Amino acid sequence: MTAPDAEPWRQGLIRDFEAENPGIRINLVEGPNATNLLEDLYTSSFILGESPYDLINMDVIWTSKFAAAGWLLPLGDRISKEELGAFSSQDVEGGRYQDKLYRIPVRSDVGMLYYREDLIKQAGLQPPETFDDLIRISQVLQKKKQVNWGYVWQGRQYEGLVAMFAEVLDGFGGFWVNPDTLEVGLDRPETLRAIEFLRSTVKEGVSPPGVTTYQEEDTRRLFQSGQVAFLRSWPYAWPLAQAENSPIRGKIAIKPMVHAPGKTGAACLGGWGLGIAKTSRHPEEAWKAIQYFTSREAQRRFIFSAGYVPSRRELFTDPEIVAKYPHYPQLLEVVDNAVLRPPIAQYAQTSDILQRYLSAALSGRMNSERAMQAAAAETRRLLGAGGQGSRGQGDKGTK
């Protein structure tokens with residue numbers, strides 16, 4: 001796992017597990033900080049044959065690729081429906097591929113809208129519900145000179161761009177790829193409306209011109225400096241924004257992403273879970289570890305020591321946890337509105353196509369309509385004949 005995650009795991013979860021299970025040792029391999037590089041390390045070890053890993057720590061978007069390649073053991077017969085019911089349903093869904101379960105969620109992660117509650121209240125306004133509200137409130141606060149910018153989001157060409165876009169797209173009633181039919185929705189009117197909204201934030205001066213080059217940390221720092229009214233980001237930004245030296249400490253709130261009138265807000269599901277390698281010589285010990293790491297008590301301790309978001313529903317409303325993290329009950333509401341990126345075997349290539357054309361459309365290098373027609377055509381070619389789909393299936397989306 002990534003270096004920042006490795007230390008809290010070693011000092012907390014792994015140390016406690018080994019104390020309770022003296023016959024089992026867990027060797028944690030520290031990898032690079034970029035999750036795509038972790039994925040590459042796993043992939044090359046599997047392709048070379050006997051993978052050295054027993055437990056696979058997986059980002060939600062790797063499940064379908066790893067399962068389709070035959071690298072994971074199915075876990076469905078090891079866990080009951082009741083036990084699975086303790087986790088948030090979208091997190092469980094993110095661990096399935098073609099109706100089989102391959103990954104148990106350890107930690108949830110979901111995109112959300114942060115906002116300056118203090119400024120909105122002072123202006124006598126309500127938090128936004130729609131995309132238009134977001135623009136309007138931003139402009140009011142900018143005119144009052146209370147913020148330099150209204151809204152910041154991740155616009156650089158990388159996975160964070162499609163995670164952000166999945167929320168806006170869903171909020172306009174559109175979809176990317178229907179995993180059941182492989183129908184592609186990128187050249188539909190809803191997709192163009194979603195792109196138009198993001199472009200308009202820059203055109204109207206609500207978002208900075210450089211937003212199309214921003215990643216998570218660029219947007220968080222700008223928001224945390226007090227210059228911005230709204231931020232689209234992940235839960236990790238909350239403890240940082242509430243730190244003692246933060247200029248916006250105690251001044252922010254969260255909500256699910258805004259949406260078009262008559263639609264619902266969506267939050268892109270991230271998060272991590274554990275699977276067992278098919279080549280593992282210790283599947284029983286690996287399963288014992290998964291049961292421990294995903295247990296109520298282990299997760300509870302981990303939340304207090306490392307501040308991660310749990311995957312067990314009851315922990316979002318646990319009184320002691322809420323006393324430390326008062327935003328958790330609201331966070332559960334966001335998690336329940338989560339939208340999955342398409343759980344298909346060719347996800348990585350599908351994402352790469354969208355990243356390239358979406359970046360070109362948002363930065364004005366390509367006309368939006370032409371960019372999305374090209375993206376849709378390329379995605380259909382990649383997914384084969386099924387990608388043509390029947391237009392009538394489109395409104396199923398990818399939830």
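Because only heavy atoms are used, hydrogens play no part in the values below, and waters and symmetry mates are left out as well, while side chains stay in. Nothing here was measured: the structure is a model prediction, and the numbers come from that model. Nothing fancy with the numbering, it's 1 onward along the sequence.
Classification of Glu159 and Arg341 as a salt-bridged pair holds, one side-chain N sitting under 4.0 Å from a carboxylate O. Using a 4.0 Å cut-off between charged side-chain N and carboxylate O, Glu285 and Lys288 make no salt bridge. At a threshold of 4.0 Å, the pair Asp318-Arg313 does not count as salt-bridged, since none of the basic side-chain nitrogens sits closer than that to a carboxylate oxygen. Residues Arg312 and Asp91 are not paired through a salt bridge, judged by the lack of any N-O separation under 4.0 Å between the basic side chain and the carboxylate. Ionic pairing of Lys203 and Glu196 is present here: one or more N-O contacts between side-chain nitrogen and carboxylate oxygen are shorter than 4.0 angstrom. Salt bridge Glu117/Lys121: present, at least one basic N to carboxylate O contact under 4.0 Å. Residues Glu30 and Arg10 are paired through a salt bridge, judged by an N-O separation under 4.0 Å between the basic side chain and the carboxylate. A salt bridge does not link Lys263 to Glu190: none of the charged nitrogens lies less than 4.0 Å from a carboxylate oxygen.
Among residue pairs with one or both ends in residues 131-141, those qualifying as side-chain hydrogen bond (donor to acceptor under 3.5 Å, both in side chains) are Thr130-Asp133, Asp133-Arg136, Gln139-Glu204; sequence neighbours excluded. Residues in residues 71-97 take part in these ring-ring contact (aromatic ring centres under 6.0 Å, His included) pairs, two or more places apart or across chains: Phe46-Trp71, Phe66-Trp71.
Side-chain contact between Leu72 and Lys278 is absent, with no heavy-atom pair separated by less than 4.5 Å. Contact annotation: the side chain of Glu183 never approaches that of Val177 to less than 4.5 Å [non-hydrogen atoms, C-beta and beyond]. A heavy-atom distance below 4.5 Å is found between the side chains of Arg107 and Asp5. Here the side chains of Tyr214 and Pro208 are in contact, with some heavy-atom distance below 4.5 Å. With a 4.5 Å cut-off on side-chain heavy atoms, Ile24 and Tyr292 do not count as touching.
Summarising the local packing, NZ of Lys324 is surrounded by more than 12 heavy atoms from other residues, nucleotides or ligands at distances under 6.0 Å. Heavy-atom neighbours of Arg370 CZ from other residues, nucleotides or ligands within 6.0 Å: at or below the threshold of 12. Within 6.0 Å of atom CD in Glu297, more than 12 heavy atoms from other residues, nucleotides or ligands are found, so the atom counts as buried in its surroundings.
With hydrogens and angles left out, the side-chain atoms of Glu217 and Tyr236 include a donor and acceptor closer than 3.5 Å. No hydrogens or angles considered: a donor-acceptor pair under 3.5 Å links the side chains of Thr201 and Trp153. For Glu216 and Tyr158, the side-chain atoms include at least one donor-acceptor pair closer than 3.5 Å.
Under the 30°/60° scheme for interplanar angles, the aromatic rings of Phe197 and Phe131 are found to be tilted. Using the six-membered ring where Trp is involved, Phe17 and Phe293 have ring planes that are tilted, between 30° and 60° apart. The aromatic rings of Tyr115 and Phe230 lie tilted to each other, with the angle between the two planes from 30° to 60°.
A distance below 6.0 Å separates the ring centres of Tyr347 and Trp176.
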Checklist entry - Would Asn367 and Met372 satisfy side-chain contact (heavy atoms from CB on, under 4.5 Å), going step by step from the backbone distance to the final call? => result CA-CA 9 Å; Asn367 163 289; Met372 286 303 107; over 6 Å; no
Item to check | Test log, rule side-chain contact (heavy atoms from CB on, under 4.5 Å), inputs Met58 and Leu274 | outcome: CA-CA 6 Å; Met58 282 184 279; Leu274 291 168; over 6 Å; no
Item to check | Residues Thr264, His259; criterion side-chain contact (heavy atoms from CB on, under 4.5 Å); working and verdict | outcome: CA-CA 6 Å; Thr264 49; His259 49 83; 5.5 Å; no
Checklist entry - Can Arg232 and Thr219 be said to form a side-chain contact (heavy atoms from CB on, under 4.5 Å), step by step? => result CA-CA 8 Å; Arg232 183 267 167 212; Thr219 57; over 6 Å; no
Next on the checklist: As a quick check of understanding, evaluate side-chain hydrogen bond (donor to acceptor under 3.5 Å, both in side chains) for Ser351 and Gln355, giving each step before the final call.
Outcome noted: CA-CA 6 Å; Ser351 172; Gln355 287 172 40; 2.8 Å; yes
Next on the checklist: Apply salt bridge (charged side-chain N to carboxylate O under 4.0 Å, His left out) to residues Lys255 and Glu129 and explain how you reach the verdict.
Outcome noted: CA-CA 9 Å; Lys255 67 186 305 298; Glu129 287 301 321; 3.6 Å; yes
Item to check | side-chain hydrogen bond (donor to acceptor under 3.5 Å, both in side chains) evaluation trace for Asn148 with Gln227 | outcome: CA-CA 5 Å; Asn148 294 346; Gln227 299 177 58; 3.1 Å; yes
Checklist entry - Under the side-chain hydrogen bond (donor to acceptor under 3.5 Å, both in side chains) criterion, do Asp40 and Thr43 qualify, and how do the steps go? => result CA-CA 5 Å; Asp40 293 345; Thr43 301; 5.3 Å; no
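Although no hydrogens or angles enter the test, the distance criterion places no donor-acceptor pair under 3.5 Å between the side chain of Ser280 and the main chain of Asp54. Without hydrogens or angle criteria, Gln90 side chain to Asn337 main chain gives no donor-acceptor distance under 3.5 Å. Remark: the backbone N or O of Gly94 is paired with a side-chain donor or acceptor of Thr63 at under 3.5 angstrom. With hydrogens and angles ignored, the 3.5 Å screen pairs no side-chain donor or acceptor of Tyr151 with any backbone N or O of Leu198.
Of the residues listed (Val309, Leu269, Val335, Val110), the one engaging Ser88 in a side chain to side chain contact (heavy atoms under 4.5 Å, CB included) is Val335, and it is the only one.
A cation-pi arrangement is absent between Arg193 and Phe172 under the rule of less than 6.0 angstrom and at most 45 degrees off the ring axis.
With sequence neighbours excluded, the residues satisfying salt bridge (Lys or Arg N to Asp or Glu O under 4.0 Å) with Glu378 are Arg356.
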